[in-house]
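Below: the structure, in structure tokens.
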Amino acid sequence: MGGGHRPDPGQLPGHGYLPGRPAPLTDLSARSLPGNRRLRFAPSPTGQLHIGSVRTALLSYCLAGHDGRFLVRIEDTDRERFVPTATTGYLEAMAWMGLRWDEGPDIGGPCAPYVESERLEHYHQAADHLLGTGAAYRCFCSRERLDDLRAAQKAAGQPTRYDRRCWRLQPTEVQAELDRGASSVIRLLMPEGESRWDDLVLGPQEFQNAEIDDQVLIKSDGFPTYHLAHVVDDHLMEITHVVRGVEWVPSTPKHLAVYRAMGWVPPEFAHVPLVLGSDHKKLSKRHGSVAVTEYRDMGYLPEALANMIAFLGWSPGTEEEIFSLEELRTRMTFDRLQSSPAVFDQQRLDHLNGVWIRRLSIPDLAQRLRPFLPQAQKPQLEPIAAMVQERIHRLDEVPGLLRFAFADPDPTMEELIGRLEPATAADFLRASIDLVDGSSDDLMSSLRRAAEASASDQGSINRHVRDCMQVVRVAITGQRVSPPLPESIALIGKEAARSRLRRALAKIAMVR
RNA sequence: GCCCGCAUCGUCUAGCGGUCAGGACAUCACCCUUUCAAGGUGGUAACCGGGGUUCGACUCCCCGUGCGGGUACCA
């Protein structure tokens, strides 16, 4: 049908236009690229790497497994939303997460380049081929006409789709428009019938092609749309499994039509459910943080984030719940992917982060704490790591917890004495000044003995001890909540501790 | 409007015709304890509704409802 025959304008074309003989663009019928499974992550560089995006990246990475290949391809075909610095940011965020790619824009590979704007000739070749076989056609319609059309269809309760006016143009008319320099796009001629595929996550899918629009493949600026570009690239890069969000389900028939018209065999599709916010809407900035870098800056470990994200739509089927990226990569399979959307619960992330923090070695934790404690001396880092490890869920809690280590506290009277009488508090402070000189090992027991001695009522002795301890804690740290006393004192030094105790004592004395 | 998808504790989930519906987070109580954590023990808490199929449905089918996604010369 690539010849002179024009279909009857009144009827939809069938599959008869399918190319009988035109050879595929590139003959890659036999797999020739490395990896017995090839998966890709293909972000559009428009901003920050989003939690939802890293999840599909992580899923693809894990699903590729040890014997597969994971590649990154940049889909920068939208010049309006393109952000030049975004690609580097994405790559850095992925690397931070611990994802490693075998092929990509920064490291190259057998299919280089891995940036779509540098692969334009491939898309144009494909488009020409489709034009030649009649699987696609040029469209000169203005945006205004398209908008009006859609509005009318919507008003009539009909699915909105292009009415194929330009498809009915005679070749001479098309040529005349072209000669005139008219701006045009290339549209896919959606074939009749239905489209089906067996989705790895959703199961068998079926769409009536009549409901589906003739998608623009090449925009008037000469750039391809996602619908053409990713099909061409996925084919050339021999992608075997496409893992992407469910928002792509409705356009999969278009992609299938392109594969078919090109004579290519499509990959397997796995459409993963969305990640939702607490209000059950697609996770977005409205819900707070969505960029991977924001989570990093809040003090979440990449291990915890990966663990968290993996369980949004996947589970091992056992009661295990702590998984390293490496374990995820060996354990993850398509058949255990969930088909219902999941809410991103930050409380759960906090819990997982605490678990992962506690799994770190002290030197490792100290190292990771550095950016959060710019004022800390290097030798202080490990002791700090040791004392906070069990009590934080996020690294960024540390500065608050250790504020006393970097500045002298100035507690109020109320904070200082708590429930105690000023005189009792003062006596206990006085006693503790000397006790601080002793070894840390028995500091607590000597303090306890001193507190017990000052108890007036044997019945509430434990409470009294607690109250006394708090006086010392507040005097030294200015906080009602702090790391244990011996460690806190060690951190600031005995001399500083004694002077803080004296200052507190003076404060109480002044009021009395 | 039209098309498509999803549906087990508040949240993440296990379940794949017969279970006291399991685990984890969160929550509550208690224990441990110099505060906070961490840890331990125990508790509260779920199969969206209605029809079928079946000796028997959380599991299978249909309808409804709810929620979500798509409906661009964005991805």
Side-chain angles (χ1 to χ4, degrees), chain A residues 42-46 53 75-78 80-81 139 141 143 146-147 150 153-161 183-187 199 202-203 205-208 210-213 215-227 229-230 244-252 271 273-274 276 278 280-282 308 311-322 338-352 354-355 358 388-393 397 401 443-444 447-448 451 462 465-474 477 479-486 488:
Chain A
S44 181
T46 54
S53 306
E75 300 200 326
D76 58 346
T77 55
D78 183 351
E80 302 195 353
R81 297 202 304 157
C139 174
C141 289
R143 309 227 186 201
L146 262 18
D147 290 344
R150 267 192 288 271
Q153 288 167 333
K154 209 162 178 175
Q158 292 301 119
T160 56
R161 32 173 276 187
S183 140
S184 70
V185 301
I186 296 175
R187 281 181 190 275
D199 197 281
L202 303 174
Q205 301 292 305
E206 180 178 328
F207 280 81
Q208 294 303 315
E211 305 284 350
I212 294 158
D213 207 358
Q215 182 60 234
V216 170
L217 262 19
I218 299 281
K219 302 180 251 187
S220 54
D221 64 5
F223 276 72
T225 58
Y226 167 83
H227 305 282
H230 94 274
R244 65 195 350 180
V246 283
E247 66 268 27
W248 293 107
V249 170
S251 49
T252 302
H271 287 98
L274 260 18
L276 310 178
S278 48
H280 291 228
K281 300 254 193 268
K282 189 170 176 173
M308 171 76 189
F311 273 71
L312 255 29
W314 177 83
S315 82
T318 66
E319 288 184 354
E320 304 159 275
E321 53 160 2
I322 304 301
Q338 190 89 12
S339 55
S340 54
V343 172
F344 186 86
D345 179 13
Q346 200 167 328
Q347 282 189 317
R348 184 177 169 79
L349 210 211
D350 283 343
H351 167 256
L352 288 172
V355 170
R358 275 173 259 130
V388 299
Q389 183 169 41
E390 255 185 10
R391 34 183 57 81
I392 56 170
H393 293 94
E397 292 165 27
L401 202 55
L443 172 66
M444 291 316 294
L447 280 177
R448 166 168 276 274
N462 283 332
V465 169
R466 252 174 268 239
D467 290 341
C468 289
M469 297 298 187
Q470 279 301 83
V471 177
V472 175
R473 178 187 309 287
V474 174
T477 68
Q479 305 165 197
R480 298 201 62 80
V481 173
S482 82
L485 242 18
S488 297

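The chains referred to below are lettered A, B, ... by the order of the sequence lines, with proteins before strands, and numbering in each begins at 1.
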What is the nucleic acid contact for L485(A), judged by heavy atoms within less than 4.0 Å: base, sugar-phosphate only, or nothing?
-> base
Minimum-distance nucleotide to P484(A) side chain [options: A38(B), A75(B), U35(B)] = U35(B)
With the side chain defined as heavy atoms from C-beta on, F207(A) is closest, among U34(B), U11(B), C4(B), to C4(B)
Go through the steps to decide whether Q470(A) and R473(A) satisfy the test side chain to side chain donor-acceptor pair (under 3.5 Å), and finish with yes or no.
-> CA-CA 5 Å; Q470(A) 279 301 83; R473(A) 178 187 309 287; 2.7 Å; yes
Below 4.0 Å: OP1/OP2 of A37(B) and any side-chain N or O of R358(A) | no
Considering all heavy atoms of both residues, which atom of M469(A) and which atom of L485(A) are nearest to each other, and what is their separation?
-> O-CD2, 4.1 Å
Sugar-phosphate, base or nothing in reach of L312(A), heavy atoms under 4.0 Å = sugar-phosphate
Nearest of A75(B), C36(B), C73(B) to any side-chain atom of R81(A)?
-> A75(B)
For the side chain of S482(A), counting heavy atoms from C-beta on, which of U35(B), C3(B), A37(B) is nearest?
-> U35(B)
Classify the nucleic acid contact of Q205(A) as base, sugar-phosphate or nothing, counting any heavy atom under 4.0 Å across all strands shown.
-> sugar-phosphate
Along RNA chain B (nearest heavy atom to each residue), the more 5'-positioned of M469(A) and D345(A) = D345(A)
According to the Watson-Crick and G-U wobble definitions, with both distances under 3.5 Å, which nucleotide is paired to A24(B)?
-> U11(B)
What does E80(A) touch in the nucleic acid at a heavy-atom separation under 4.0 angstrom: a base, only the sugar-phosphate, or nothing?
-> nothing
Could you check R348(A) against Q470(A) and say which one's nearest nucleotide on RNA chain B is further toward the 5' end?
-> R348(A)
At a cut-off of 3.5 Å, list every protein nitrogen or oxygen paired with a nitrogen or oxygen from nucleotides 40-46 of chain B, distance to 0.1 Å.
none

Among A72(B), C67(B), C2(B), the nucleotide that comes nearest once only the side chain of R150(A) is considered = A72(B)
Proximity to the side chain of S339(A) - top-ranked nucleotide from A7(B), U34(B), G70(B) = A7(B)
Given U34(B), C2(B), C12(B), which nucleotide is nearest the side-chain atoms of P486(A)?
-> U34(B)
Please check the phosphate of A75(B) (OP1 and OP2 only) for any side-chain N or O of K219(A) closer than 4.0 Å.
-> yes
Can you find a donor-acceptor N/O pair under 3.5 angstrom joining the side chain of S220(A) to the base of C73(B)?
-> yes
When the P atoms of A46(B) and U41(B) are considered, how many whole Å apart are they?
-> 23 Å
Of all the nucleotides listed (C12(B), A26(B), A37(B)), which has the minimum atom distance to the side chain of Q347(A)?
-> A26(B)
Would you call H271(A) and T252(A) a side-chain contact if the rule is heavy atoms closer than 4.5 Å?
-> yes
Which nucleotide in the list A38(B), U11(B), U34(B) gets nearest to the side chain of H393(A)?
-> A38(B)
